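The structure under discussion appears below in the form of structure tokens.
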Amino acid sequence: MEAKEKRKRSAEYEAVVRAGPNLRRIQQAHAHLVVTGCYRSRALLTKLLTLTCAAGAIAYTRRIFRSVSDPDSFLFNSLIKASSKFGFSLDTVVFYRRMLLSRIAPSTYTFTSVIKACADISDLRLGTLVHSHVFLSGYASDSFVQAALVTLYAKSCAPRVAQKVFDEMPERSIVAWNSMISGYEQNGLASEAVEVFNRMPEFGVEPDSATFVSVLSACSQLGSLDLGCWLHECIVESGITMNVVLATSLVNMFSRCGDVGRARAVFDSINEGNVVSWTAMISGYGMHGYGVEAMEVFRRMKAHGVVPNSVTFVAALSACAHAGLIDEGRLVFASMKKEYGVVPGVEHHVCMVDMFGRGGLLNEAYQFVKGLRSDDLVPALWTAMLGACKMHKNFDLGVEVAENLISAQPENPSHYVLLSNMYALAGRMDRVESVRNVMIQRGLKKQVGYSTIDVDNKSYLFSMGDKSHPETNEIYRYLDELVWRCKDAGYAPMPESAMHELEEEEREYALRYHSEKLAVAFGLMKTGHGVTLRIVKNLRICEDCHSAIKFMSIVMNREIIVRDKLRFHHFREGSCSCLDYW
DNA sequence: TTAGGGTTAG
């Protein structure tokens, strides 16, 4: 009799397992259990709960959980793990609280899941509280818990705390190293991420594919092609399997470091691409202004049966915007909702305004903005509008837009600079002065622009008028001479795009020693003929530098590639790949 | 009566 009972139960259990994370089948299995009276079995209930959670039916999970009279430790742990794993972080916290209230002791397994949930919602306060529970429970030296804590602090914008936890770990697993590297990378501290990576060999730790994915992202931020190529070699030498995530990371790195050809070569080597890898390639072409190529990849992606999502559409629309493909952009935008059911969000709206604006269709851009719901009117729309006003010299509209921007974000100094630029271009110097005074009153400082360039595997940083470099005198002299040669070739400095409060002569001086010009001069000085220069600027390249670098590419017969905040500019033989379309 | 963790791409 007993054996028979046991066989029956295990058959029921098997039936639940077979249902898998499919809500309809789980419900059928659940109904069957209720009918046969087996639903009182804890094992079955627990399995049922984790499966409903995996199926994404969190409301159903909660309902079943509420019906359990006296949940045990196994049930709590299963539920906490499943809810955390499938992204129901707030539920994880609620279940954890219930567990504590039920006076059931959490284990290291409980903590890893709860800490991951706190990390996913970047809740530092809650995470710190759980960290104190870890101490009280005596699990502070568990390596899994510690690795989870590193992730928690890293993802909650506290990378220094993460580093402290990491440093105090007696044994650091590869996952802990990876958490530390990705933590720095995700907080925009790319150099620190690379430093951690470089310290791995001295601890005898072999990087795995997740390590490379994170360090490649850091490299993309830095825009350092030398570093990226070296990492690529490391991956090949390590014999790590090139999975789609790693390959996509490489595609992104090569694009963002200015070598879209290599990005394409890696992309072509991917066997089973997914929506992320295709999107990465579209975005890569887009940021270089290769709109036709981007749209070709977009077309091929659809032909391969890969369904574009919201991010893909941002990449495709932005590619159209940066290449002036207005009609194609319109078609893409129209197809979003109609063919793919993707509802346009604020990012897509910004792309459209940017696209119309760059193309000189200011009125259409403005009408597009006016047609949006008021809660969709994000500052980025006005910034795109403003860029268009400046490019196409519509100062009245520009002033109106800049004033809108300032009222929306009075604490953002770059809006004041834009407004001041607009007034200056419109010849309203009295207003320029008053905007500047407002900035001073409110204690707002213009964001400092800087440019970096790699020479002989070393990164050099320049800011405007920078004199910190040991070879400053040589660089300035070289640049002065270069500017003279450019002037001979037809370059005319454009003083109006400098800070307008300066006197005429000072303005030209300030322009001449902009960070990107200093970086170009240094690169030309230090590298041999035929070497392509690659510069990364943190802000948008200024109009005058854009013009000057075109001339530099002629007089020095060099290819110069500049990545700015928005896109790439390839300067060659006196023209730029953006076709002045930025 | 039942399993098991923390890291990675657009």
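We name chains A, B, ... by the order of the sequence lines, and we start the count at 1 in each one. Everything numeric here is computed off the predicted structure, so don't read it as measured data.
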Handout entry: Atom NE2 of His32(A): over 12 foreign heavy atoms under 6.0 Å
Key =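 At most 12 heavy atoms, drawn from other residues, nucleotides or ligands, come within 6.0 Å of this atom.
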
Among the candidates [options], find the nucleotide nearest to the side-chain atoms of [X].
X	options	value
Ser173(A)	dG10(B), dT8(B), dG6(B)	dG6(B)
Tyr109(A)	dG4(B), dT7(B), dG10(B)	dG4(B)
Phe144(A)	dA9(B), dG10(B), dG5(B)	dG5(B)
Ala148(A)	dA9(B), dG6(B), dG5(B)	dG6(B)
Thr151(A)	dT7(B), dG10(B), dG5(B)	dT7(B)

Side-chain donor-acceptor distances from residues 263-273 of chain A under 3.5 Å, at least two apart:
from	atom 1	to	atom 2	distance (Å)
Arg264(A)	NE	Asp268(A)	OD1	3.0
Arg264(A)	NE	Asp268(A)	OD2	3.3
Arg264(A)	NH1	Tyr285(A)	OH	3.1
Ser269(A)	OG	Val266(A)	O	2.6

Handout entry: Ring centres under 6.0 angstrom apart (Tyr96(A), Phe76(A))
Key =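 Aromatic pair excluded; centres sit 6.0 Å or further apart.
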
Problem - Distance flag, aromatic centroids of Phe313(A) and Tyr340(A), threshold under 6.0 Å - result: yes

Problem - Identified side-chain hydrogen bond (donor to acceptor under 3.5 Å, both in side chains) counterpart of Thr279(A) within the set Thr312(A), Asn252(A), Thr248(A) - result: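 Of the listed residues Thr312(A), Asn252(A), Thr248(A), the side-chain hydrogen bond (donor to acceptor under 3.5 Å, both in side chains) partner of Thr279(A) is Thr312(A).
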
[atom1] of [X] versus [atom2] of [N]: gap in Å, rounded?
X	N	atom1	atom2	result
Arg42(A)	dA3(B)	CZ	P	16 Å
Leu51(A)	dG4(B)	CG	P	13 Å
Phe313(A)	dG10(B)	CZ	P	19 Å

Practice task
Report which part of the nucleic acid Val150(A) touches: base, sugar-phosphate, or nothing (heavy-atom distance under 4.0 Å, all strands).
Solution key: nothing

Practice task
Describe the nucleic acid contact of Ser214(A) in one word from base, sugar-phosphate, nothing, applying a heavy-atom distance below 4.0 Å.
Solution key: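 Answer is sugar-phosphate: Ser214(A) comes under 4.0 Å of backbone atoms only.
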
Practice task
Report yes or no: is the cationic atom of Lys155(A) (NZ for Lys, CZ for Arg) under 6.0 Å from the centre of the six-membered ring of Tyr153(A), at an angle within 45° of the ring normal?
Solution key: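 No; the conditions do not both hold, so Lys155(A) does not lie above the ring face of Tyr153(A).
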
Handout entry: Close approaches to DNA chain B from residues 175-188 of chain A, in residue order (heavy atom, under 4.0 Å)
Key =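 Within residues 175-188 of chain A, the residues near DNA chain B are Val175(A), Asn178(A), Ser179(A), Ser182(A), Gln186(A).
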
Exercise for the section: Would you confirm whether Thr61(A), through its side chain, and Ala57(A), through its main-chain N or O, come within 3.5 Å as a donor-acceptor pair? Expected result: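 Checked: pair present.
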
Handout entry: Side-chain N,O (Asn252(A)) to OP1/OP2 (dG10(B)) below 4.0 Å
Key = yes

